[in-house]
Structure formats: C-alpha cells, structure tokens
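Following: one structure in structure tokens, then a few remarks.
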2 protein chains.
Amino acid sequence: MKKKKTTIKDIANVLNISAAAVSKALHDDTRISDKTKKAVKQVAENLNYQPNHLASALRSGKSKLVGVIVPRTNSNFFSSVLQNIEEVLNKKGYNIIITQSNESYKKECDNIDTLLFTQVDGIIASMANETVDLSYYEKVKSKGIPLILFDRGENDLNVDYIGINDYESSHSIVEHLVNNGCKRIAHIGGYKRTRIFNNRIRGYIDALKKYNLPLDTELLTESGLTIKDGREMMQQLLNLKERPDAVYVAGDYAALGALQVLNENNIKIPEEIALVGFGNEPFTDMVTPRITSVKQHSEEIGKQAALAFLKYNKDEVVHQTLNKIILNAELIVRDSSNKKALLN
Amino acid sequence: MKKKKTTIKDIANVLNISAAAVSKALHDDTRISDKTKKAVKQVAENLNYQPNHLASALRSGKSKLVGVIVPRTNSNFFSSVLQNIEEVLNKKGYNIIITQSNESYKKECDNIDTLLFTQVDGIIASMANETVDLSYYEKVKSKGIPLILFDRGENDLNVDYIGINDYESSHSIVEHLVNNGCKRIAHIGGYKRTRIFNNRIRGYIDALKKYNLPLDTELLTESGLTIKDGREMMQQLLNLKERPDAVYVAGDYAALGALQVLNENNIKIPEEIALVGFGNEPFTDMVTPRITSVKQHSEEIGKQAALAFLKYNKDEVVHQTLNKIILNAELIVRDSSNKKALLN
DNA sequence: TACATTTGCTTAAACGTTTAAGCAAATATA
DNA sequence: TATATTTGCTTAAACGTTTAAGCAAATGTA
C-alpha cells in the first residue's frame, strides 16, 4: 500500500546495468557512454525518479543546504537580504533554510543547533540584539562550518562580515541636520554592545564634536529600537526642559514610534523637531511626513554574503579569517528633515 | 587534518558494546539497562556527540522537517503565521524550512521541488497570486506527503485548509460603511481566481444588494493588490465622473497605495471618501489617518496549520480530504472610515 | 603484431543510523 | 526442578546514494 519511491536501483534493473552506472550517468561522468546516459535519463524521467537528497548528502558529506539566521523576517531589509542570498545560492545548487531569532539569544542558539543538526554546509547570520556571548558561534566555527555574518556582526569571531559604513553614515546624518540649521541633535540609539549601533553612536558623537555642538548625555539613549522603544525615548526627550531640535534614530521602526509621538503632540516636523531614521524601510516613504533615512543596499549585502560562503564550498578544510566587506550606505533625504526645502 | 565527527560507533568502542546498543540507549529503549544508558549518555556528552540527522532520516524515512511556502515573508501576517507554525512544530521535534514564492508560480514550483528534494515530511503553503495550475500541488499529494494550505487555498485539492470567513468579513465591512452613511462603495479587489478574493468580492456584491446600493462595474476592480496596484486603482476611481464615497480594498498594502493617492489629492478621509483595508498590517495603525482593517488572527492560523499537519505524522499511509477550519476575522474600526466619530 | 591506453562498465564498500531477529543469561512460574 | 519468560545485549541488514578499485573489450601506437 505504501508508495515506494523510484530509486537508482529501479532504473538499473530496467536497463540491466549496475546502480553505480546509473549514478554516474545521471552525473554525466565521462566514463559513461552517451548512449547509456540517454537511456538512463529517459528511464529516470519515465519512472519519475527524484534523487534522494538524504542518501547523497550522507554519502558525500555535503548537504547542499545553507542555514540563514535573521532577527526577524518581517522587515524589508532582512526579507530583501534573504531573497538575494537565495537567488545567488540557488544558482549554485544550494538551498537555504531560513530561521528567525526574534532578537532572542536563546532562540538564536536553538536555531544554530537546528541548523547544525540538519547538517547545513554553512551558516549566514545576523545576530540578535541580545547576543553578547559568542560561544555558540565559536561552536559553529570549531566544526569547520563556514560562518558568514552580515549587518549585526562581531569582529572577535574572525569570520567574513558584510555590512555598511555605519560610522560614516551616522556622521553624514548629523552633517545633514547641521546643514539644515539644527543645533541640538538627539540620538535614539541601539545598544552600544552591538557593533553597528556602537559605530553609529561614535559617528554621532564625533560629528557633534566636529561642529562644536553640545554633547549632552540626556540627548543620547540606548534601546532595542522597537516602535515602542522609539515612542518611549521620544517621550523622554520631549520631557526635557531643553528639547532637541532634531532627533536621529538608529532604526526606522523606532523612528516611526518617535514620529507618532511627535504627531500626537502636534509638534511640527521638521520645523520644531527634525527627524531621521535608519534603514530606509518602505514605510518611511509612506507616513506623514515622509522620514529621511539611510539605504543599506540590502540586495548587495545578500549577494555578497552568499558569495562569501561560496568561496569555501570547495575547501576540504575551512580556515576563516576576519574579512570585512563594507558597502557605502546612502542618505535618502525626505520631508521629515528637509528644512531647507521649506525656505524656498 | 579534517575534523572527524563523533559517531555512535565511537561511543560503542569506548564502552566495548555494539553500535546498536548505543543507538537504543540514546533512544531510551526498554531493553537496555539503566547502567548502560547512563554510561552511553555520559560518553556521548564527553565526546560531544551530535546525532547525524541525515543518517537517521535516511534510515527511518522521516526527516522531521516541514516545508513552508509563503508568497513573501515581509508582511506581518505571513511572518506571524510562520512564527506560530514554528513554535508548535518545534515542540514536537520538527524543524521548518521557510521558502518564498514572491507571488510567482514558477518560483512556487521551484520551492516545491526544493522541499520534496529535501525530503520534508509535510508542506504547509499559502499560494502565490499567479497560481492557477494545481498540478504541482497534486504532485505533492500523490507522493503521500501531507499538504496543508492556509489563507490562499483551493478547495479542489481536497486537503486541509485554514482560513478566515472572507465572505462574511467582506459583508460586514460594507455594512459598517453603510452604517457610516456611505452610499457609493467601491471595491479594489484581488484576482477573482483566488478563492479568498473571490469570496470577498461575493461578500461585497451581496451586501450591496442587501442594502439596495448600486452595483456599478466601474466600482469593482481586480489586481495583485500591491501598493502600486492600490495607487493605480484609486486613481482610476478618482477619474470617474461619479466618484465613490467609500473604497474597500481587499489588502492593506493596496489600501496604503490608495491612501497615498487620496492624500496627494487632498481628499478628506473619511469625510469625502472613507477607506477600509484588509489584513490589519501594523502600518494601518501608523499612517495618517489610521486605516480601518480586518484582523485575520494570524497566530491562530499558524497554530492550526501546524496542528493539522501533526494529525498525519503517525500515519503510515496519508489519506487527506477537504477539511476546512474557518476562523472569524475581526473588523478593527479606525479613523479612515469612522464618520460617526466625527459627528460627536 | 605486440603492447599501451582508453572506454565503459561492474563490484563492493562506505556514509551513520535504525531495527528485525536472535541468543545467552537471569529471573519468574508451576 | 523443569520450563517459560524477561532482560540485555549482539549481529547483520537496510536506507539510497557515491566512489575507489578493478576488469574486459575496444581502440590507439609503434
């Protein structure tokens, strides 16, 4: 009753040749005659043969699967990176397994275990906000499985990393705000322990210094950059005796929360307070006013991450070193910070 | 030089017992003494043993992997469904492989091939907009692999389906608009060939009839419901000699596009034209004005889809029949359609 | 013609598990 | 005490591939 799948042996029996010959024929081995190859492929098609991936993976030690770990999929950035990773890897015969950490360290560890268990040939990951302990990633490395990080990475792991120039981008955001006449610029930042957010904070601070602006600790906050965090931090800033005249938020979702609070308080944007986000999520271009943000080239990040993995796919023994690819992000100026446009 | 992984045999050698005994000990077979079990588990831990999933899957014929196909991951609805599917299945020892069709039929077929190739134990899917030919899904069924559909499904496949009461929801949207004084209600719908969109269209039409409202063909459009589609269809409606006083859009992204066009044309919402979306994506609560929408209970859909799959996991031979679980969606009234609130 | 090389296959082992069958020793039953 | 049952393991085959080694026939070379 149970449906039996067609195997290589079934094909072999039909043609009265060995299973080995069938395997070789299907892989276009040079030592198999064209006649046999043609016959094998024909029979394979007739019997609706589908190779058993588990068997070949077990035998060859290569699963042709790559695991990807992202904090979440429902952001345009990650979704776009995923799509591009998939596109590049599919062409090379790899399939990808997507997992989400939901910004949880525990979940991230579980994801790594799942992927190792599934015998993936490599892991491409962007770390959760919570992640500080790198031992789980060290485990991946110690198993000789190529590890590629993007966006949220860590130098100390000494693996490939694809990201953008956060420091410089942050610097130019402040520059842009200064050029628009802002004098008291706040920063709703991510957690400093995460390298990219630390870099954005450094860029912010150094730019303030450069333009001789006040570096007020109450203008600099750290959070998980959710919509809720954005709301809370913005409210906090509004409660100050001396309010900022610009707020640069290190993530678009938090920027959206900030925008909501500003709108609810009938604060004119950008006249009273200018607003800048980070990530160029599609909604930044949909809300009122449209939010100035930074485009991270998610397509290129995805492609480069996939290519970084592919570098290792022929190596017997994988030896990774810190290898950074840093792309130049792009500031997209919109209404929320464009005070100059109002003057015309 | 190549790192050798610890196998069951290594453990067997250490303890001078057979590999079979080790396998059984690790699975808590009753015929293995507690003493041996303890020893095996201790050695397994010491040697950092990780079971080879490929080998066990090959032998047992069960991969403990479930494939999920969604049109895209970067919508809150699908992302939330995914999370809940994963949560339920993980508890039962299954892992999920997420793939995206990007609303493309071709990609969807590729995804199915990928998943079959990976030897998944089941497939949970929501169909692409483009999909009309069901032969690829028939292929899944014919292989005896449980197939569960959600949201975008098809009765003709005779498999499990989890969705919401689209017809009734659509009906109550029109009812809500009527209650708010709207007399000329347009519908920016999805493609009729997709069951859920067809049901929404039917609900719309029947509700119009019930309230003796004009059923004007120029007020009813079909599209892919992207933001762009929403913009175009809204523009089309504005160009009519007799404009509608309400627009009900069958998807939130298209509703957003419609909103943009209305705002750009300085049309007062809801006074001049009331707007309703579908899906309750987070941004409906973020834009100005906030968009009335329908909450689809994505969490419950995800859970039920996972449970529907689990029903089959013990069966040797899978026999599926049409088995629908229909959840009641919930209308979330917001500013974009709440004319009554303005009267107070 | 004699030998070397190439072609086209076969055989058999291997990948790391699981599991049916079996067997000896220990324990229970009458 | 003799027999039946249970306990605790072992042996060996199997899952569906890949691949190293080998061999006979065909073809090439001198």
Side-chain angles (χ1 to χ4, degrees), chain A residues 2-41 43-44 47-65 93 116-119 121 143 316, chain B residues 2-41 43-44 47-65 93 116-121 143-144 316:
Chain A
K2 186 102 195 282
K3 312 200 161 75
K4 285 300 294 172
K5 288 174 188 164
T6 307
T7 73
I8 227 167
K9 279 186 188 168
D10 299 326
I11 301 176
N13 287 338
V14 170
L15 295 170
N16 259 315
I17 56 175
S18 70
V22 174
S23 173
K24 287 178 182 164
L26 290 172
H27 288 90
D28 278 325
D29 189 297
T30 50
R31 299 284 286 273
I32 299 291
S33 71
D34 285 349
K35 195 178 130 226
T36 306
K37 281 182 191 172
K38 202 164 279 176
V40 165
K41 287 174 185 174
V43 173
L47 297 183
N48 193 22
Y49 168 73
Q50 303 266 137
N52 185 320
H53 161 249
L54 296 172
S56 62
L58 174 61
R59 175 59 231 246
S60 65
K62 293 282 154 205
S63 69
K64 286 283 181 178
L65 291 172
L116 292 178
F117 173 71
T118 318
Q119 316 284 130
D121 289 345
K143 288 200 183 268
E316 268 305 285
Chain B
K2 187 100 193 284
K3 310 201 160 79
K4 285 299 295 171
K5 288 175 188 162
T6 308
T7 74
I8 227 168
K9 278 186 189 167
D10 299 326
I11 301 176
N13 286 339
V14 170
L15 295 170
N16 257 315
I17 57 176
S18 70
V22 173
S23 173
K24 288 177 181 165
L26 291 172
H27 289 89
D28 276 326
D29 189 296
T30 51
R31 301 284 287 273
I32 299 292
S33 71
D34 286 351
K35 193 177 132 227
T36 305
K37 282 182 191 171
K38 202 163 279 176
V40 165
K41 287 173 185 176
V43 174
L47 298 183
N48 194 21
Y49 169 72
Q50 302 265 137
N52 185 320
H53 162 248
L54 295 172
S56 63
L58 174 61
R59 175 60 230 243
S60 65
K62 293 282 151 203
S63 69
K64 287 284 181 177
L65 292 172
L116 292 178
F117 174 70
T118 319
Q119 314 285 129
V120 293
D121 290 344
K143 289 199 182 269
E316 267 305 285

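Numbers restart at 1 for each chain; the letters A, B, ... are given by sequence-line order, proteins then strands. Keep in mind that this is a model prediction, so the values were computed, not measured.
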At 4.0 Å (heavy atoms only), tell me whether Leu54(A) reaches a base, stays on the sugar-phosphate, or touches nothing. nothing
For a quick test of reading the model: is some side-chain N or O of Ser60(B) closer than 4.0 Å to OP1 or OP2 of dT17(C)? no
Between dG8(C) (P) and Lys38(A) (NZ): distance, integer Å: 14 Å
Nearest whole angstrom, please: distance from the P of dG16(D) to the CD1 of Ile8(A). 11 Å
Between atom CZ in Arg31(B) and atom P in dT6(D), what is the gap in whole Å? 10 Å
Rounded off to whole Å, could you give me the CG-to-P distance for the Leu26(A) and dT18(D) pair? 8 Å
Given dT18(D), is OP1 or OP2 found less than 4.0 Å from the side-chain N or O atoms of His27(A)? yes
Taken to the nearest whole Å, NZ/Lys62(A) to P/dA14(C) is 21 Å
Using a heavy-atom cut-off of under 4.0 Å over every strand shown, decide if Ser33(B) touches base, sugar-phosphate, or nothing. sugar-phosphate
Below 4.5 Å, heavy atoms only, C-beta onward: do Thr7(A) and Asn52(A) meet side chain to side chain? no
Between dT17(C) and Lys24(B), counting only base atoms on the nucleotide and side-chain atoms on the residue, is there a donor-acceptor pair under 3.5 Å? no
Could you check if a side-chain atom of Asp34(B) sits within less than 4.5 angstrom of a side-chain atom of Lys37(B), using non-hydrogen atoms only? yes
Give a yes/no answer on whether the side chain of Ser18(B) brings an N or O atom under 4.0 Å of OP1 or OP2 in dT10(D). yes
Is there a side-chain contact between Thr118(B) and Lys64(A) in this structure, where contact means two heavy atoms from C-beta onward sitting under 4.5 Å apart? no
pair Val40(A)-Ile32(A): side-chain heavy atoms closer than 4.5 Å: no
Would a 4.5 Å heavy-atom cut-off, applied to side chains only, mark Lys41(B) and Asp28(B) as touching? yes
Measure the distance from CG on Asn52(A) to C1' on dC15(C) and round it to the nearest whole Å. 13 Å
May I ask you to evaluate whether Ser23(B) reaches the phosphate of dT18(C), defined as a side-chain N or O under 4.0 Å from OP1 or OP2? yes
Which one, dT17(D), dC9(D), dA12(C), comes nearest to the side chain of Arg59(A)? dT17(D)
Given atom NE2 of His53(B) and atom C1' of dC15(C), what is their separation to the nearest angstrom? 15 Å
Counting the atoms with a prime plus P, OP1 and OP2 as sugar-phosphate, which does Ser56(A) contact under 4.0 Å by heavy atoms, base, sugar-phosphate, or nothing? sugar-phosphate
On DNA chain C, compare the nucleotides closest to Thr30(A) and Ala55(B); which residue's is nearer the 5' end? Thr30(A)
Of Gln50(A) and Ile17(B), the one whose closest DNA chain D nucleotide lies more 5': Ile17(B)
Could you check which of dG8(C), dT11(D), dC15(C) has an atom nearest any side-chain atom of Leu58(A)? dC15(C)
Tell me: CD of Gln119(B) to C1' of dG16(D), nearest whole Å? 9 Å
